[in-house]
Amino acid sequence: MNVSFVQEDRYTFRIPRKGKMRADAVFFASKRILAHLESENYASLVQLMNVATLPGIVEPALAMPDIHWGYGFPIGGVAAFDPEAGGVVSPGGVGFDINCGVRLLASGLERRDLEPRKAWLADRLYERVPAGVGSKRRDVKLNRRSLARVLEEGAGWVVRQGWGEADDLDHIESGGRLAGADPGRVSERAYERGLPQLGTLGSGNHFLEVQYVEQVYDPEVAAAFGLREDQVTVLIHTGSRGLGHQVCQDHVQKFLQVAPKYGIELVDRQLAAAPIESPEGRAYLGAMAAAANYAFANRQLITHYVREAFEAAGFAPRDHALRVVYDLAHNNAKFETHGGRRVLVHRKGATRAFGPGASDLPPAYAAVGQPVLVPGDMGRYSYVLVGTAGAMEKSFGSSCHGAGRVLSRARSKKQVKGRDLVRELAEAGIELRAVSRRTVAEEAPEAYKDVAEVVQVVEGAGLGRRVARLRPVIVVKG
DNA sequence: ATGTTC
């Protein structure tokens, strides 16, 4: 497909509807990001145009500046569908790792308190949070019944077991529990995969980081979020592990079978979709919400073990209490009201970024907007942004979710071959503990865009504002 | 992302 777009302002580009597209597509990019998209023959923009062909889409189909090629929908994609206009739900618009997301914790410690115990703390974290492909916990015994409750109740179930505080739940998107979860729509195989994995990190770009606040850009909003310069923070990035993956796989298969029945023409099989108001659509949404709750519970349980690790590293109770700043998802589909319409917003590698006065914000954040957590790569930095009115107007209340790759996994491995990344990072003051050398090579800092560039576009386009930058000191990887 | 090709 030929990609032609018009530049609307410095960072906003529009692909006018053509061919089978039912809506325009809009993406946000700098000159450099645009050059990168061109170097890939606009493959991810073609995916965005494909999304715009789906029934019931509410204009426009959107992509954030960290857009890259994904399964069906591009990663960094946002698409809203109207259930009353034949709108669809698509597992490819959510992603395989359902409710993958990030949680930021704030400690009472300062950077200098951490330095003497950095290596020791890194070891304690690595011990207590299993990482890697297929990682399991042996110390948390779930059975099928208790797992069904996790799927219904999300992070709240974990807190009620004694692994966390009620206050934690007040600082999670949707209270750590997505409505409409239907554990009965989760397959036996998904249950089996989920049983031993609650409280594990996984692999790939998932991580656990200890950081410090290197720079504050907006002191007023930072204060509302409880962040200050030199403060030690923890960032957890993980999702619904094998359970969510299995849910996605099961329902994609089902959707492909029923697509002809609903007359949905798919320009790409990976866009497999069913009407929101159909038995299959509702089944997926019920299973997706259940997997989302597993992911919220996973980040909550990991938080418990992170607190234990800080305690074991000898930090005082007031310092290892680790307050939850926010926990938010970047892979899901949610019913929200935009422009007076109730729509199903798919965010795949895109973060909710509600502005001041929006619904579902903790009281302390209501006046300023929600925290938007944007991880970078393990060698540079991550950002905390705040949601804006601009995001509500332009992007269904959405923003970017990270840096986005510039190198494929294979190219990254080839490029860093022979180098000792663990030592390189140590020399830069970052303690890395990783299960697999291969993951480290695939996740090398240079495999990612500079997240500062992505954030600059987001801010320039009015989709979020910088609040603080976080510098890693300990990284745990799969 | 993923018991990394059920």
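Just so it is clear, the model here is predicted, and its values are computed rather than measured. Labels below follow one simple rule: chain letters A, B, ... track the order of the sequence lines, proteins then strands, and each chain is numbered from 1.
- Side-chain N or O atoms of A:Thr200 include none that pairs as donor or acceptor with a backbone N or O of A:Gly202 at under 3.5 Å.
- Taking atom NZ of A:Lys477 as the reference point, atom P of B:dT4 lies 18 Å away to the nearest angstrom.
- Within the nucleic acid shown, A:Gly239 has no heavy atom closer than 4.0 Å to any nucleic acid atom.
- In this structure, A:Arg409 atom CZ and B:dT4 atom P are separated by 14 Å, rounded to whole Å.
- A:Arg189 comes within 4.0 angstrom of a base, heavy atoms only.
- Taking atom NZ on A:Lys136 and atom P on B:dT2, their separation rounds to 14 Å, with Å as the unit.
- Nucleic acid contact for A:Ser203: sugar-phosphate only, since backbone atoms but no base atoms lie under 4.0 Å from a heavy atom of the residue.
- Here B:dT2 presents its C1' atom at 10 Å from CD of A:Gln246, a figure rounded to the nearest Å.
- Taking atom CD on A:Gln253 and atom C1' on B:dC6, their separation rounds to 10 Å, with Å as the unit.
- Comparing A:Leu201 and A:Gln249 by the nucleotide of DNA chain B whose heavy atom lies nearest to each, the residue mapping closer to the 5' end is A:Leu201.
- In this structure, A:His338 and A:Phe396 have perpendicular ring planes: the angle between them is above 60°, well past the 30° mark.
- When atom types are taken as modelled, the side chain of A:Glu209 and the backbone of A:Met378 share no donor-acceptor pair closer than 3.5 angstrom.
- Atom OH of A:Tyr71 is separated from atom P of B:dT4 by 17 Å (rounded to the nearest Å).
- Rounded to an integer number of Å, the gap from A:Asn99 CG to B:dT2 C1' is 17 Å.
- Contacts of A:Gly242 with the nucleic acid, taken as non-hydrogen atoms under 4.0 Å apart, involve only primed sugar atoms and P, OP1 or OP2.
- Atom CD of A:Glu443 is separated from atom P of B:dT4 by 18 Å (rounded to the nearest Å).
- Not one N or O on the side chain of A:Asp327 forms a donor-acceptor pair closer than 3.5 Å with the backbone of A:Ile172.
- No donor-acceptor pair under 3.5 Å is formed between the side chain of A:Tyr326 and the backbone N or O of A:Leu104.
- Using a 4.0 Å cut-off, no side-chain N or O of A:Arg438 falls inside it from OP1 or OP2 of B:dT4.
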